[in-house]
Amino acid sequence: MKLDALARGCGEWLRGTGPDSDIVVSSRIRLARNLAEFPFIRRCTETQRRAIARLVRERVAEVDAWSGTEYVDIQGLGDIDRQLLVERQLISRELSKAEGPRAVVVEPQETFSLMVNEEDHLRLQVMHSGFDLEPAWNKINHLDDLLEERLPFAFHEQLGYLTACPTNVGTGLRVSVMFHLPGLVLSREIDKVFRGLQKMHLAVRGLYGEGSQALGDFYQISNQLTLGKTEEQLIARVAEIVPQLLEYERKARQTLLEHNHKELHDRVSRALGILRTAKTISSEETLLLLSSVRLGINLKLITDIDIATVNRLFLQTQPAHLQKIRGRELDTAERNEERAIFLQKHLPAA
Amino acid sequence: MKCQHCEKPAVFHITELTGPEPQEVHLCEDHAQLFLAMPGSESEEAAPAAPSGKQKKLAKTAEDLSRVDQSTCPKCGITFHEFRQQGRLGCAHDYDHFQRELEPLLSNIHGEKVHCGKRPRTAGAEALVRAELNRLKEQMREAVDKEQYELASQLRDQIRKLDKDGTNS
């Protein structure tokens, strides 16, 4: 695959448009599926894993809706390329680090991808920009139908779609909405909000999903239960809390504007100043500062940069992207220098 | 820190005080969910060796557990012990083979036992009827919870009709 070209662009889901995209970055839905005729991944031999990958590749090639997609053999990729796919959220960190035959099928616009031989044989995901769960569900449901016509899935009359881990059985569905919540973080209300969500059986995760930190004030909210409700009900449960969370965040931002205008303006201006002038900068600091700039743009405190540019910089200043764009391997110190140069080039002073 | 059962990062850090020595457990989200849902999990590692008269019942439970642990799926060869250790099943047949052991686990995790979402279109007409029945039953339960009794009785009638038609056809 042309991974070099991928690094220079940005997935559809980061284009910074779509409903409520000032706060909701993306809407993501994934389905876990297993092929009926093979054991689950942990009990598969290398030969069986290879057979699964080959079978999926052949069947996917028969589907018109999948024409133009790229089949990427993860086993044959170098470290930087695998990391690149993780940074773009096209594959999980687990698939990147796993061993044996495994792959990902990627659509050029990056609105959907299909991981092969992760924890389950198939992990299909659809990603949309902004708060856009219903269209995302319609899309993944259709893609799943197309796969199911060609690949017999492990399905149980009582338990639904069977998965390697019982926490995913039934629908195999995980719906995640990624929020940018700097207002609630600055006003220190974020923990209170999350405690409320956990009581509703919703999980809160960081930027890269399970176990990752909430870098740059990005949080993913997703369902934990997968059995005993329809997909629509599970999606509605997550969707239900979105308007409320939007309201909390907007109110927090408004309060900051009204009572701490000068401090807030100072904060976002300094953030932009550092990004524009630093000579060496880590990816963590970059994320933190870009988060302030993103808030500044949404509150019209910064007017000469657009959200799409900031979204793109969030992605392209990450380690694998930088190395890919630079065209060679870089150590941490070199990356920090390259990152500063890259930021100056893409955030020219007004 | 990594989860002690898989490659994922550990996000739950539990200190078990049931055994003679406190035991630290570090788990990812999935394994933590399983750990908390698993009835009597990890107890056999931590259980005291010599059962006194008072502990007979406990010993019986430990005996049951160890018998269950040795149970092996004829299709993929995984033992229940291996599943408890790894938190991942070996094949689709495990859900039938370990059904008795998995049922309370699934109830603990999901609070439900029956799938009522999407099903493969290719699974036949009977499967579709069953899916519709599951869906209606779920709706009826929700209606009862919300004290919408008129809706609930309409749903009950639909269920009866579908049940009869479905079995006749």
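Just so it is clear: chains get the letters A, B, ... in the order the sequence lines come, proteins before strands, and each one is counted from 1.
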Does A/Lys139, at its NZ atom, have more than 12 non-hydrogen atoms belonging to other residues, nucleotides or ligands within less than 6.0 Å? yes
Heavy-atom contact with chain B under 4.5 Å, split by part of A/Ser92: neither
Over 12 non-hydrogen atoms of neighbours within 6.0 angstrom of CZ in A/Arg237: no
Atom CZ in A/Phe40, atom CD1 in B/Ile78: separation rounded to 0.5 Å? 10.0 Å
Output, in order, the C-alpha distance, side-chain angles, deciding distance and verdict of side-chain contact (heavy atoms from CB on, under 4.5 Å) for A/Asp145 and B/Lys118. CA-CA 10 Å; A/Asp145 287 344; B/Lys118 182 176 182 175; 2.9 Å; yes
Report yes if the side chains of B/His110 and A/Leu225 come closer than 4.5 Å at any heavy-atom pair, otherwise no. yes
In terms of heavy-atom pairs under 4.5 Å with chain A, the winner among B/Gly77, B/Gly111, B/Cys3 is B/Gly77
State whether the number of non-hydrogen atoms from other residues, nucleotides or ligands found under 6.0 Å of A/Asp64 atom CG is greater than 12. no
Between B/Glu82 and A/Arg42, does any side-chain N to carboxylate O distance fall below 4.0 Å? no
On a heavy-atom basis, which atom in B/Gly87 and which in A/Pro166 lie closest, and how many Å separate them? O-CD, 4.0 Å
I need the B/His115 NE2 to A/Phe155 CZ distance, nearest 0.5 Å. 4.5 Å
Shortest non-hydrogen contact between A/Glu148 and B/Arg119, atoms and distance: OE1-O, 4.3 Å
Would you compute the distance between atom SG of B/Cys116 and atom CD of A/Glu231 and round it to the nearest 0.5 angstrom? 8.5 Å
Side chain / backbone / both / neither for B/Leu106 at chain A, heavy atoms under 4.5 Å: side chain
Would you mind checking which part of B/Lys75 comes under 4.5 Å of any heavy atom in chain A, side chain (CB onward), backbone (N, CA, C, O), both or neither? neither
Interchain contact, B/Gln86 with chain A, by part (heavy-atom threshold 4.5 Å): both
If you count every heavy atom of other residues, nucleotides or ligands that lies below 6.0 Å from A/Glu134 atom CD, does the total exceed 12? no
So how far is it from B/Arg88 CZ to A/Glu119 CD, rounded to the nearest 0.5 Å? 4.0 Å
Any idea which heavy atoms bring A/Thr163 and B/Tyr95 closest together, and the distance? O-OH, 2.6 Å
